[in-house]
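I have placed the structure first, in the form of structure tokens, so that the comments after it can refer back to it.
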Amino acid sequence: MKRRLEELEELKKLGINPYPYEYPVNAYSDEILRNFRDEDPPMNVSIAGRIMSIRRMGKATFSHIQDSRGKIQIYFKKDVLGEKYDILKLLDIGDIIGVKGEVFRTRTGEVTVKVDDYQILAKSIRPLPVVKEKIDEHGNRIVYDPFTDKEMRYRQRYVDLIVNPEVKQVFIKRAKIISTIREILDSHGYIEVETPILQPVYGGATARPFVTHHNALDMDLYLRIADELYLKRLIVGGFDGVYEIGKDFRNEGMDRMHNPEFTMLELYVAYKDYNWMMEFTENLIYNVCLRVNGTSKIKFGDNEIDLTPPWKRVPMFELLKQYTGENLEGKSEDELRAIARRLNVDVSSKIGVGKIIDEIFSELVQPNLIQPTFVIDYPIEMSPLAKRHRSKPHLVERFEVIISGMEVCNAFSELNDPIDQRYRFEEQARLRAQGDEEAMTIDEDFIRALEYGMPPTAGLGIGIDRLVMILTNQKTIRDVILFPHMRPEK
RNA sequence: GCACCACUAGCUCAACUGGUAGAGCAACGGACUCUUAAUCCGUGGGUUCCGGGUUCGAGUCCCGGGUGGUGCACCA
């Protein structure tokens, strides 16, 4: 770095501003490579990018520069550039330059820009990890000494993005996934809304919140753990379909599937139930995958996953029976604890019936569900916002979508009976008193809204990060979040 | 929060049972006007994550701490 600061000073002494204001770009690496024809008249281009390699050979120098679209070789010649050629020695890998020149094909066949003139656009004073690569005879990219240090890749994502082009592709695809979801939802006439992230009462999920403080009001506020209760208020307010794509925050552990802040899509549609929502969900995800990947059969880890609808719909208790050999339906808390012991599943003494079942399910059933599966009809105790099942009163009309063992969606026929809702909240309060810190707190204003009357409604939540993981074949959530949460350095 | 593993030059990695810390790339100097992991000659580069301890001697062994990874716990 010291050496580069000296170069910076030398440039300034020569009257060259190493940080100029703009540069007229009229072409990109990928277009130039794609459009070049040997028989066409020579084409002049003006491109800008970062120097990724330099091969100096006395009075001629080859270099590759990388722009937003890819890389292209450039060729400097002493007899073309004269004195300006000598300034090249002050350039380094990592510097950003603009070059103008004619496109030609080298003797070895690579389409290259022969530089008539160049300009330094930003001097890099911190050395970039140098990744060397070669394209083999099959067109495969072989990388030597790849930049792999996970900690540095996540902390200095900018470096990761410069040096590892496949990382950039994941995030471009992520953007496309989200914009495609928007297009589809908008085309159905659903209204995108924004609801509070700072909430006086948090709800809509069972999780521990982040707490912050509002100074002027001298009160604690919570970062939302879900959008649910506000979006349902909007259904009460007369919207037929609303959705929100935004960050939720949960004060829980971090691992391959969890980041403390994550992106969630929630959608609520009036006059529909969870059966309708299942069909909607499988079509949504199928179409997003088609548009983004061009196919509905994708690889995830060692598995091939087929997202073509219809997806299997299986009641939760049926899956439990299938994978554990035990019938858990209608069992008391004591009986469930005994079964858990028999199945070698550890359950905390603080949790109730719903969570014991959930525990057994996530340990013994969920990892086996690789192809997209609607798990339907959950016990009422673990779903305080869902409507009671129309024919089985101890269950609710709820589904989750499991893909590759990962929970990607959660949805219900929404509970719109204000009396039942109050009763369910009170049950949660009882669990909380028992020591379940994640049980929900009662939201009086939400109940008041239901008291005015909410139409029958279907609601859906999709974990966007996890969906992106599946559609881009990434095994950890950190690889689909640009700046995953990290402990502070030092 | 717990367990296991990792941390050595800018990057990727070596260093046997404890015995002078090394290579490739990058950097620096030189040669070279079609190279492409350019090549050839030469040079410099280290708080071995941090702090203690054991030892004549610690990158290596022990204790404590940090960060990361993986798993568990926790997690609509």
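Just so it is clear: chains get the letters A, B, ... in the order the sequence lines come, proteins before strands, and each one is counted from 1. Quick note: numbers below take in every heavy atom, side chains included, and nothing from hydrogens, waters or symmetry partners.
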For a quick test of reading the model: is some side-chain N or O of A/R3 closer than 4.0 Å to OP1 or OP2 of B/A27?
no

Between B/C25 and B/G68, how many Å separate the two P atoms, rounded to a whole number?
33 Å

Quick check: does any side chain N or O of A/D417 sit under 3.5 Å from a backbone N or O of A/D420, one acting as donor and the other as acceptor?
yes

For B/A58, the Watson-Crick or wobble partner whose two distances fall under 3.5 Å
none

May I ask you to evaluate whether A/T148 reaches the phosphate of B/U12, defined as a side-chain N or O under 4.0 Å from OP1 or OP2?
yes

Between B/U67 (P) and A/R487 (CZ): distance, integer Å:
5 Å

Of residues 249-257 of chain A, the positions that come close to RNA chain B - non-hydrogen atoms, cut-off under 4.0 Å
A/R250, A/E252, A/G253, A/D255, A/R256

Work out how far the P atom of B/C49 is from that of B/U55, and round it to whole angstrom.
23 Å

Atom CG of A/D160 to atom P of B/C11: distance rounded to whole Å?
14 Å

Looking across every strand, which nucleic acid part, if any, lies under 4.0 Å from A/F104 by heavy atom: base, sugar-phosphate, or nothing?
base

Closest contact, heavy atoms only, A/Y154 versus A/D479:
OH-OD1, 2.9 Å

Without decimals, in angstroms, what is the distance between A/R208 CZ and B/A73 C1'?
12 Å

Expressed in angstrom and rounded to an integer, what is the separation of A/E133 atom CD from B/A37 atom P?
10 Å

Check the distance between B/U67's C1' and A/H485's NE2 and give it to me in whole angstrom.
14 Å

Counting only side-chain heavy atoms from C-beta out, which of B/C11, B/U33, B/C25 sits nearest to A/K132?
B/C25

Looking at B/G22, which nucleotide sits across from it as a Watson-Crick or G-U wobble partner, both distances under 3.5 angstrom, or is there none?
B/C13

Using the side-chain heavy atoms of A/F62, tell me which of these nucleotides is nearest: B/A27, B/A76, B/C34.
B/C34

Considering Watson-Crick and G-U wobble pairs with both distances under 3.5 Å, what does B/A76 pair with?
none

Got a donor-acceptor contact below 3.5 angstrom from the A/N416 side chain to the A/M454 backbone?
yes

ring-ring contact (aromatic ring centres under 6.0 Å, His included) between A/Y274 and A/F412: does it pass, once the steps are laid out?
CA-CA 5 Å; A/Y274 79 143; A/F412 350 113; 9.6 Å; no

Can you tell me how far P in B/U70 sits from the matching atom in B/G57, rounded to whole Å?
40 Å

Kindly say if A/R55 contacts the phosphate of B/A38, meaning a side-chain N or O under 4.0 Å from OP1 or OP2.
yes

Using only modelled atom types and a 3.5 angstrom limit, is any donor from either the side chain of A/E110 or the base of B/U35 paired with an acceptor on the other?
no

Which nucleotide in the set B/C11, B/U67, B/A76 lies at the smallest distance from any side-chain heavy atom of A/P129?
B/C11

Could you check whether A/E266 gets within reach of a base, just the sugar-phosphate, or nothing at all, counting any heavy atom under 4.0 Å?
nothing

Sorted by position of nearest nucleotide on RNA chain B, 5' first, the leading residue of A/M264 and A/E363 is A/E363

Would you mind telling me which of B/G68, B/U33, B/A37 lies closest to the side-chain atoms of A/M486?
B/G68

What is the distance from CG of A/L128 to C1' of B/C25, rounded to the nearest Å?
13 Å

Between B/G59 and B/C2, how far apart are the two C1' atoms, rounded to whole Å?
28 Å

Side-chain N or O of A/R155 versus OP1/OP2 of B/G68: is the shortest distance under 4.0 Å?
yes

Do the side chains of A/K132 and A/D145 get close enough for a salt bridge, i.e. N-O under 4.0 angstrom?
no

A/F76 and A/S63, any side-chain heavy atoms less than 4.5 Å apart
yes

Closest to the 5' end of RNA chain B, once A/R478 and A/N410 are matched to their nearest nucleotides, is A/R478

Reckon A/R466 has a side-chain N or O less than 4.0 Å from the OP1 or OP2 of B/A76?
no

To the nearest angstrom, how far is A/L88 atom CG from B/C32 atom P?
16 Å

Under 4.0 Å between any heavy atoms, over every strand shown, what does A/Y75 touch: base, sugar-phosphate, or nothing? Just pick one.
base

Is a side-chain N or O of A/S362 found less than 3.5 angstrom from the main chain of A/D358, in a donor-acceptor match?
yes

Regarding A/E359, tell me which of base, sugar-phosphate or nothing describes its non-hydrogen contacts under 4.0 Å with the strands shown.
sugar-phosphate

What contact category does A/D149 fall into here, base, sugar-phosphate, or nothing, at under 4.0 angstrom with non-hydrogen atoms?
sugar-phosphate

What interatomic distance, in whole Å, is found between C1' of B/G71 and the corresponding atom of B/G52?
30 Å

Would you mind pulling out the nucleotide paired to B/A37, Watson-Crick or G-U wobble, both distances under 3.5 Å?
none

Does A/D67 reach the main-chain N or O of A/S29 with its side chain, forming a donor-acceptor pair under 3.5 Å?
yes

Scan A/G463 against the nucleic acid and name what it touches under 4.0 Å (heavy atoms): base, sugar-phosphate only, or nothing.
base

Span that lies between the P atom of B/G19 and that of B/G65, in whole angstrom:
28 Å

Nearest-neighbour nucleotide for the A/V130 side chain, B/C11, B/C25, B/G69 considered
B/C25

Are A/Y190 and A/Y243 close enough that their ring centers fall under 6.0 Å?
no

In whole Å, what is the span from the CE atom of A/M316 to the C1' atom of B/A76?
12 Å

Interatomic distance at P, B/G69 relative to B/G29, whole Å
39 Å

Return the nucleotide paired to B/G44: Watson-Crick means purine N1 to pyrimidine N3 with N6-O4 or O6-N4, wobble means G-U with N1-O2 and O6-N3, both under 3.5 Å.
none

Using a strict cut-off of less than 4.0 Å between a Lys/Arg side-chain nitrogen and an Asp/Glu carboxylate oxygen, indicate whether A/E414 and A/K387 qualify as a salt bridge.
no

Within the 4.0 Å heavy-atom criterion, would you say A/K89 contacts the bases, only the backbone, or no part of the nucleic acid?
nothing

Once you apply a heavy-atom cut-off of 4.0 Å, does A/R141 come out as touching a base, just sugar-phosphate, or nothing?
nothing

Check for me whether the distance between the ring centres of A/F62 and A/Y75 falls short of 6.0 Å.
yes

Would you check if A/R224 and A/M264 make a side-chain contact, meaning some heavy-atom pair closer than 4.5 Å?
no

Base, sugar-phosphate alone, or nothing: which one does A/M382 contact when heavy atoms must sit under 4.0 Å apart?
nothing

pair_partner(B/U67), Watson-Crick or wobble, both distances < 3.5 Å, evaluates to B/A6

Atom P, compared across B/C63 and B/C72: separation rounded to whole Å
26 Å

